[in-house]
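Take a look at the structure below.
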Amino acid sequence: MRTDPTETGGLFVGRRPGTAPVRFRGVPQRGTEVRQRVDDSLAGLLLAAMFAVSVLCWGPIPLACLWIGSEIDYLTGSVFLGIILAFLALFPMLFGALAILRQLDHAWILVRRAAGHDQRSGAMGRVFGFTAFFCAAAFTFWFVVIHGPGSSVFPGRSR
């Protein structure tokens with residue numbers, strides 16, 4: 001009897017439709033050298049696109065939503081309405097970016113398998129984690145070094 005939650009789809013006795021784990025065939029056959037290079041190049045482009053979409057989640061999308069909120073505040077004179085609409089814009093944009101990231105991850109797995117690599121898992125978690133770390137480090141550098149709370153060595157430079 002199968003009772004492992006990964007096999008039964010959770011706490012249910014039977015598996016829910018559409019929740020079966022993905023089963024890949026054996027090790028993919030390697031194509032010609034040119035085909036492998038083309039597929040590896042396409043996989044690299046897909047990985048770069050994943051990084052670009054992931055970086056959008058940490059800067060441009062939240063800034064665009066803040067701009068939308070400020071425009072709503074300017075047009076209506078209501079700060080509350082601006083904040084609410086900024087949040088209402090933020091969630092679909094972020095979840096849309098994550099959905100695009102997931103589709104790119106699935107495509108990356110398929111292209112890597114087409115290139116002859118035994119790729120069974122995606123890189124979305126690692127890409128998102130790396131961009132989160134990179135953007136946090138960049139923000140910390142900007143906040144502490146560039147913008148700074150004020151220098152104690154050169155006190156006349158603080159504003």
Side-chain angles (χ1 to χ4, degrees), residues 4-12 15-25 27-28 30-31 34-149:
D4 184 20
T6 60
E7 293 178 358
T8 60
L11 300 175
F12 300 97
R15 179 170 289 284
R16 293 169 300 203
T19 61
V22 177
R23 305 244 190 252
F24 292 106
R25 288 182 260 166
V27 178
R30 292 192 170 270
V34 173
R35 175 65 191 238
Q36 286 179 10
R37 277 196 225 141
V38 168
D39 287 337
D40 280 334
S41 298
L42 184 57
L45 287 174
L46 285 171
L47 194 62
M50 286 173 61
F51 273 106
V53 170
S54 185
V55 166
L56 286 177
C57 294
W58 297 105
I61 289 176
L63 287 176
C65 292
L66 285 173
W67 179 80
I68 289 170
S70 70
E71 289 296 311
I72 296 298
D73 174 34
Y74 174 75
L75 292 174
T76 63
S78 172
V79 175
F80 178 75
L81 186 62
I83 291 171
I84 293 298
L85 289 179
F87 272 111
L88 289 176
L90 179 68
F91 291 116
M93 290 175 78
L94 282 178
F95 287 128
L98 290 175
I100 291 169
L101 192 62
R102 190 172 137 242
Q103 294 297 321
L104 287 171
D105 192 41
H106 287 305
W108 182 77
I109 292 170
L110 292 175
V111 170
R112 291 271 298 168
R113 287 186 66 80
H117 302 283
D118 191 17
Q119 190 72 43
R120 295 180 185 266
S121 62
M124 185 172 77
R126 290 174 290 186
V127 166
F128 201 76
F130 177 78
T131 55
F133 177 76
F134 176 76
C135 291
F139 175 77
T140 302
F141 179 78
W142 171 81
F143 186 71
V144 172
V145 176
I146 296 174
H147 178 68

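For clarity, every value in this text was computed on a predicted model and none was experimentally measured.
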When rounded to the nearest 0.5 angstrom, what is the spacing between CD in Gln119 and CH2 in Trp108? 4.0 Å
Sequence-distant partners of Trp67, ring pair (Phe, Tyr, Trp, His ring centres under 6.0 Å), two or more places apart: none
How long is the gap from CD1 on Ile83 to CG on Leu66, to the nearest 0.5 Å? 10.0 Å
Output the distance between atom CG (Leu94) and atom CZ (Phe91), rounded to the nearest 0.5 Å. 7.5 Å
With the side chain counted from C-beta on, respond yes when Phe51 and Phe130 share a heavy-atom pair under 4.5 Å apart, and no when they do not. yes
Closest heavy-atom pair and its distance - Leu101, Phe128: CD2-CD1, 4.0 Å
Would you say Gln103's side chain and Asp105's backbone share a donor-acceptor pair under 3.5 angstrom? no
With Gln36, which residues qualify under side chain to side chain contact (heavy atoms under 4.5 Å, CB included), at least two apart? Arg30, Glu33
Mind telling me whether Trp142 and Phe139 have parallel, tilted or perpendicular rings, with 30° and 60° as the class edges? tilted
For Ala115 versus Asp39, what's the shortest heavy-atom pair and its separation? CB-CB, 3.5 Å
In Å, rounded to the nearest 0.5 Å, how long is the span from CG of Leu45 to CG of Leu104? 11.0 Å
With rounding to the nearest 0.5 angstrom, report the CG to OG1 distance, Leu81 to Thr76. 4.5 Å
List in chain and number order the residues that pass ring pair (Phe, Tyr, Trp, His ring centres under 6.0 Å) with Phe141, two or more places apart in sequence or in another chain; answer none if no residue qualifies. none
So which atom in Ala86 and which in Gly69 form the shortest heavy-atom distance, rounded to 0.1 Å? CB-CA, 3.9 Å
Are any side-chain N or O atoms of Ser54 and backbone N or O atoms of Met50, one a donor and one an acceptor, separated by less than 3.5 Å? no
Supply the atom-to-atom distance Asp40 CG to Leu47 CG, rounded to the nearest 0.5 angstrom. 11.5 Å
